> 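A single structure is presented below for examination.
In listed order, ligands and their atoms are each counted from 1. Remember, it's a predicted structure, so these values are computed and weren't measured experimentally.
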Amino acid sequence: MQIEKEEMNQFNVHLASHYGMCFGVRDALAATRKAYDENDVTVLGQLVHNPLVSKELTENGIREGDLDDSLMDVSGTVIITAHGVSGTDRSRWESPHRKVIDTTCPLVNKAHAALSSLIDLGFFPVVIGKKGHAEVNGLTGDYPQAIVIEREEDISDVPHEGKVGVVSQTTQPIERVNELVEKIRSLRSACEVRFIDTVCSPTKNRQRAVKDLAEICDLIVVVGGSNSNNTSELVSAVEQLGVRAIQIERPEDLMLDWFLGAKNVGVTAGTSTLNQTVLGVSDRLREMSKELMLKDRNLNGKEEILC
Ligand code: SF4
């Protein structure tokens, strides 16, 4: 007896081996949560590029300020985010009348130290990263001569001779950083170019894990805020690997129709995404897979048994 089944519209769900909130963001969030009982707390910028976390902070009375705010308007406790700040901004905010909680990630501090060591050795400062991003502003804030390279065209601003010292924003894709460094070396062959790799290991692990997922999945869901840089980087990485990417912020954003015909669906998340949100998305996807299978069964009627 042979049982012939109609092809079911069920899919497998694969969670990336590394995903979601990194230790730097997690520690910054934990330090901020400890300040929920204090009055008058202001985060200098966006603590985490994640709307769910922003909502939680607002509900607990934490204000969002700006590094450039007038110091006169901000009292009480101020929180420096995991993205870090320049030395100039840090000293501007330090005051005996204000408590400063510094949640700068140690790996961002490492990038600051790398850039400053290059400058001390006489290298011209170059940062590969996103122009205007909080971390990049923090890295370059003490060095008005510094150049930010976001794309190849920006290399035209790099000096034609002398020593050029390059670091990177911690969340940049390492392959792109390496390509840009090689491009600087070839376009500025008269310069001594020294590169210190400051892309952080959680970012590298997540980028490697997304490649592994892309090998087995026909669709990858990237969970993270629409204004999160590393979430957008993951979306681009998936698309460059030739796999369809869907970016969502929460399980409720998932639509059943997106998964029609999918066999293997991957899930990953940016470093600002709460792990409970990612697990909620995986659970919802598993439910959807079952819903699609049941829908197929209802459409196709009973399985046909051929003798
Ligand atoms: S992404 Fe990397 S550098 Fe940024 S907070 Fe997380 S661990 Fe730190």
> Pairing donors with acceptors under 3.5 angstrom, does anything connect the side chains of E64 and T42?
no

> One thing to verify: whether E215 and K211 come together as a salt bridge, which I'm taking to mean a side-chain N less than 4.0 angstrom from a carboxylate O.
no

> Protein N/O/S atoms under 2.8 Å from atom 2 (Fe) of ligand 1: how many?
1

> Report, one line per pair, each donor and acceptor closer than 3.5 Å where one atom sits in a side chain of residues 44-52; sequence neighbours left out.
unit_1: Q46; atom_1: OE1; unit_2: N227; atom_2: ND2; d: 3.0
unit_1: N50; atom_1: OD1; unit_2: L52; atom_2: N; d: 2.8
unit_1: N50; atom_1: OD1; unit_2: V53; atom_2: N; d: 3.1
unit_1: N50; atom_1: ND2; unit_2: S272; atom_2: O; d: 2.9

> Strictly by salt bridge (Lys or Arg N to Asp or Glu O under 4.0 Å), give each pair with a member in residues 96-124 just once, sequence neighbours left out.
E38-K99, R90-D102

> Show the atom names and distances, to 0.1 Å, of all donor-acceptor pairs under 3.5 Å that link a side chain in residues 238-248 to residues at least two apart or in another chain.
unit_1: R244; atom_1: NH1; unit_2: W258; atom_2: O; d: 3.3
unit_1: Q247; atom_1: NE2; unit_2: G224; atom_2: O; d: 2.4

> I need the atoms of ligand 1 closer than 4.0 Å to a non-hydrogen atom of F23, numbered in the order shown.
7 (S)

> For the pair D154 and R151, find out whether any cationic side-chain nitrogen is under 4.0 Å from an anionic carboxylate oxygen.
no

